[in-house]
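All remarks here apply to the structure that follows.
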Amino acid sequence: MINQIRPAVVMLALFTLLLGLAYPLAITGVAQIAFPSQADGSLVRGPGGVIQGSSLIGQPFAEARYLHPRPSAAGDGYNAAGSSGSNFGPLNPDLIARVKTDADALRAEAPGRPIPADAVTASASGLDPDISPAYARLQAPRVAAARGLTTAQVQGVIDRNTKRPLLGFIGQPHVNVLMINRALDALAQPPAA
């Protein structure tokens with residue numbers, strides 16, 4: 001019996017060390033060398049190295065001077081621990097009520113303009129950091145008025161920061177809300193002397 005148990009225990013220990021320790025450490029090391037920013041969570045740092053967020057995870061912006069992200073269904077709003085969609089079907093009364101409320105608010109903000117779908121629907125994870133250029137442009141007049149800028153200035157920032165589809169056809173154009181808001185903050189800053 002010992003002759004049968006011993007090889008099993010040795011193999012368990014060997015594969016635990018190899019696949020549970022050595023392999024993850026090796027992959028982590030390669031990632032840190034080849035892609036240090038991504039391996040560390042794509043953190044965005046502000047003045048003094050203060051972390052302002054991640055370019056991969058959405059966060060709430062409620063002030064009028066900022067672009068607002070798409071709605072979040074993740075926990076208590078952009079909670080990465082509660083990442084998931086709402087799983088509400090298109091006929092769910094709660095979803096219909098939320099979308100109607102959001103759409104009414106956007107119609108009041110930009111009367112007569114079409115409302116992009118991502119302005120009133122959450123992403124699958126509830127943490128999408130990106131919005132469509134159409135939704136960003138819809139918000140440009142509000143952001144411009146709150147910052148004392150022209151709408152053309154805000155739209156210029158949006159246009160310069162719009163990411164195009166990969167290889168020209170994979171995906172949709174999009175803008176990262178955090179990066180646009182940082183660019184808008186930098187635009188409002190007086191130049192350093």
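Heavy atoms only: backbone and side chains are in, while hydrogens, waters and symmetry mates are out. Keep in mind that this is a model prediction, so the values were computed, not measured.
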Quick one: [atom1] on [X] to [atom2] on [Y], what's the gap to the nearest 0.5 Å?
X	Y	atom1	atom2	result
Leu14	Leu17	CG	CG	7.0 Å
Ile96	Leu91	CD1	CG	6.0 Å
Leu127	Leu56	CG	CG	11.0 Å
Leu67	Arg137	CG	CZ	11.5 Å
Ile115	Thr121	CD1	OG1	11.5 Å
Asn181	Gln59	CG	CD	8.5 Å

With sequence neighbours excluded, give me every salt bridge (charged side-chain N to carboxylate O under 4.0 Å, His left out) pair touching residues 48-58.
-> none
What salt bridge (charged side-chain N to carboxylate O under 4.0 Å, His left out) pairs are there with at least one residue in residues 122-133, not counting sequence neighbours?
-> Arg70-Asp128
For Val99, what residues pass the side-chain contact (heavy atoms from CB on, under 4.5 Å) criterion, not counting sequence neighbours?
-> Leu95, Val120
For [X], what residues pass the side-chain hydrogen bond (donor to acceptor under 3.5 Å, both in side chains) criterion, not counting sequence neighbours?
X	result
Ser132	Asp118
Arg98	Asp102
Glu63	Arg65
Arg107	Asp104

Output the rest of the hydrophobic cluster of Leu12: all Ile, Leu, Val, Met, Phe, Trp and Tyr residues reachable through side-chain heavy-atom contacts under 4.5 Å, sorted by chain and number.
-> none
In the hydrophobic clustering (ILVMFWY, side-chain contacts below 4.5 Å, transitive), which residues join Phe169, or is it alone?
-> Leu166, Leu167, Ile170
Met11 with Leu19, same ILVMFWY side-chain cluster at under 4.5 Å | yes
Say whether Leu43 and Met179 are linked into one hydrophobic cluster, either directly or through other cluster members, by side-chain heavy-atom distances under 4.5 angstrom.
-> no
[Y] side chain reached by [X] side chain, heavy atoms, under 4.5 Å:
X	Y	answer
Ile131	Gln139	yes
Pro47	Gln52	yes
Val177	Tyr135	no

What's the shortest heavy-atom distance between [X] and [Y], and which atoms?
X	Y	result
Val157	Ala183	CG1-CB, 3.7 Å
Ala119	Pro71	O-CD, 3.6 Å
Ser55	Pro129	O-CG, 3.5 Å
Pro173	Pro133	O-CD, 3.4 Å
Arg147	Asp185	NH2-OD1, 2.8 Å

Residue pairs passing the side chain to side chain donor-acceptor pair (under 3.5 Å) test where at least one lies in residues 33-46, sequence neighbours excluded | Gln32-Asp40
Name all pairs fulfilling the side chain to side chain donor-acceptor pair (under 3.5 Å) condition that reach into residues 153-173, sequence neighbours left out, sorted by first residue then second.
-> Thr150-Gln153
Tell me the ring pair (Phe, Tyr, Trp, His ring centres under 6.0 Å) pairs involving residues 13-67, sequence neighbours left out?
-> Phe61-Tyr66
